[in-house]
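Working notes, beginning with the structure itself.
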Amino acid sequence: MLMGFGIIAFVIFVGWLLARIGIVTSESRIVLNRVAFFAASPALLFMIISRSDVAVVFSGVLGASALAIVTVGIIYYVVARLWFTKDKGRLVMGTNLSVYTNINNIGLPVAIYVIGDAQYVGPIMLLQLIIMAPLLLGALDMQKQGRLSAARILTQPVRNPIVIASLLGLVVAVTGFELPEFVVQPLDTLGGAAVPLMLLAFGASLSGSKPLAPGTGRREVLFAAGLKAVVMPVVAWVFAQFVFQLPPEQVYAVTVLGALPTAQNMYQYALQYRTGEIIARDVILLTTFASLPVMLVIAALMHG
């Protein structure tokens, strides 16, 4: 388990170092991300989900994670509206920052190297990409334009290669179709590049960021980051352990995945809609640094 954390931390560090010494620029980091997003990650997720036990993955694991997301999101929205801001756009963005997980860039490596089973990533990723992302974009559209672009929102998931690959993998898993070896081998090879590419790009993105500057909504940042890094895994554990009464390995998976940092694409949405950009950047950065120590604590408590 510690070896898994070490692998993740080392590759992230290499990405950060390459950015610090100028070998990886912001443009090349984007290239790494795009290769991972459009080619390597879809191949990896297709193979992972196609080999998954659908009955296990789409049972209490997804239910506990979904209830944790709803619970923490409600907590943020209520508290933030009472004490931090009445701006609807910032409330929508802050709520999502407190629950929207980096299930792709960090979740996949954690599932592979720490949990030891990547099949738990698929359902949460589909939940975020098919349900949560369209809801977020719809709310932001309403705030910015005063109207909802239904076509844009409804077609957003099917324009995402990760969603398409995941759904195709789910079809294979449900039908029990056996893929021929000439399909499996190249997809496994391509998918093998996904995790290193994601971690290198992620490490490079950490270079030069300075959070919590004066006048940037520190209270909102700290509250959202605290909810995502600490409260979310606790709530996920409660639902998995006591409500769904999942087996120990599934309780561990739900709890660890709950501790993942806020997804980086939240910053892209904030920039696109000019809503809470600095808050989004800082929450992502803080939860990224907090996630590995929190997951180490979870591992120590749940596995001795």
Side-chain angles (χ1 to χ4, degrees), residues 1-8 44-73 75 99-132 162 166-167 169-178 191 195 227-261 263 287 290-304:
M1 192 175 307
L2 286 177
M3 178 66 74
F5 282 113
I7 291 170
I8 292 171
L44 178 61
L45 283 164
F46 173 81
M47 296 309 301
I48 288 172
I49 295 176
S50 68
R51 294 162 172 162
S52 296
D53 183 343
V54 178
V56 170
V57 174
F58 285 90
S59 56
V61 172
L62 179 58
S65 299
L67 285 176
I69 289 169
V70 172
T71 302
V72 174
I75 292 172
V99 298
Y100 203 106
T101 292
N102 193 336
I103 199 69
N104 186 23
N105 290 1
I106 298 297
L108 272 172
V110 165
I112 292 170
Y113 292 118
V114 177
I115 298 173
D117 192 341
Q119 68 174 333
Y120 299 114
V121 166
I124 301 174
M125 185 173 294
L126 290 174
L127 173 67
Q128 292 190 163
L129 293 173
I130 294 177
I131 298 176
M132 293 174 64
I162 289 176
S166 299
L167 291 175
L170 184 60
V171 170
V172 172
V174 170
T175 59
F177 179 75
E178 187 169 344
V195 171
L227 285 177
K228 185 68 196 75
V230 179
V231 177
M232 183 85 159
V234 173
V235 173
W237 171 76
V238 169
F239 280 119
Q241 180 73 41
F242 299 106
V243 177
F244 290 91
Q245 298 181 342
L246 299 178
E249 67 276 7
Q250 293 182 22
V251 174
Y252 177 62
V254 170
T255 307
V256 169
L257 292 177
L260 291 170
T287 55
S291 60
L292 286 181
V294 171
M295 284 188 279
L296 279 171
V297 171
I298 292 170
L301 290 174
M302 300 187 72
H303 287 280

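None of these values were measured; they are calculated from a predicted model.
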_Run T71 and V231 through side chain to side chain contact (heavy atoms under 4.5 Å, CB included) and show every step you take._
CA-CA 10 Å; T71 302; V231 177; over 6 Å; no

Indicate the atoms forming the closest heavy-atom contact of [X] with [Y], along with that distance.
{"X": "A259", "Y": "V294", "result": "CB-CG1, 3.8 Å"}
{"X": "V195", "Y": "P109", "result": "CG1-CG, 3.6 Å"}
{"X": "L227", "Y": "I75", "result": "CD2-CG2, 4.0 Å"}
{"X": "G107", "Y": "L257", "result": "O-CD2, 4.5 Å"}

[atom1]-[atom2] distance between [X] and [Y], expressed to the nearest 0.5 angstrom:
{"X": "L44", "Y": "I112", "atom1": "CG", "atom2": "CD1", "value": "5.0 Å"}
{"X": "I7", "Y": "Y113", "atom1": "CD1", "atom2": "OH", "value": "5.5 Å"}
{"X": "T287", "Y": "M232", "atom1": "OG1", "atom2": "CE", "value": "11.5 Å"}
{"X": "I124", "Y": "I103", "atom1": "CD1", "atom2": "CD1", "value": "4.5 Å"}

State, with a plain yes or no, whether a side-chain heavy atom of [X] is found less than 4.5 Å away from one of [Y].
{"X": "V172", "Y": "F46", "value": "yes"}
{"X": "I48", "Y": "V121", "value": "no"}
{"X": "F244", "Y": "Q250", "value": "no"}
{"X": "S65", "Y": "L127", "value": "no"}
{"X": "T255", "Y": "M302", "value": "yes"}
{"X": "M125", "Y": "L45", "value": "yes"}
{"X": "P233", "Y": "V256", "value": "no"}

Quick one: list whatever passes side chain to side chain contact (heavy atoms under 4.5 Å, CB included) with [X], sequence neighbours left out.
{"X": "A263", "answer": "Y100, N102, N265"}
{"X": "V297", "answer": "L301"}
{"X": "A236", "answer": "A68, V254"}
{"X": "A229", "answer": "A290"}

*Steps toward side chain to side chain contact (heavy atoms under 4.5 Å, CB included) verdict (M132, I69)*: CA-CA 10 Å; M132 293 174 64; I69 289 169; 3.8 Å; yes

_Q128 side chain vs T101 backbone, donor-acceptor pair below 3.5 Å_ =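 Confirmed, Q128 side chain pairs with T101 backbone.
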
*Quick check: does any side chain N or O of K228 sit under 3.5 Å from a backbone N or O of G258, one acting as donor and the other as acceptor?*
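Between the backbone of G258 and the side chain of K228 there is a qualifying donor-acceptor contact (under 3.5 Å).
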
*Please name all residues satisfying side chain to side chain donor-acceptor pair (under 3.5 Å) with S166, sequence neighbours left out, ordered by chain then number.*
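Once residues adjacent in sequence are excluded, S166 has no partner under the side chain to side chain donor-acceptor pair (under 3.5 Å) criterion.
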
*Aromatic ring proximity Y252/W237, centre distance under 6.0 Å*: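 Aromatic pair excluded; centres sit 6.0 Å or further apart.
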
*Could you walk me through whether V171 and L167 pass the side chain to side chain contact (heavy atoms under 4.5 Å, CB included) test, one step at a time?*
CA-CA 6 Å; V171 170; L167 291 175; 5.7 Å; no

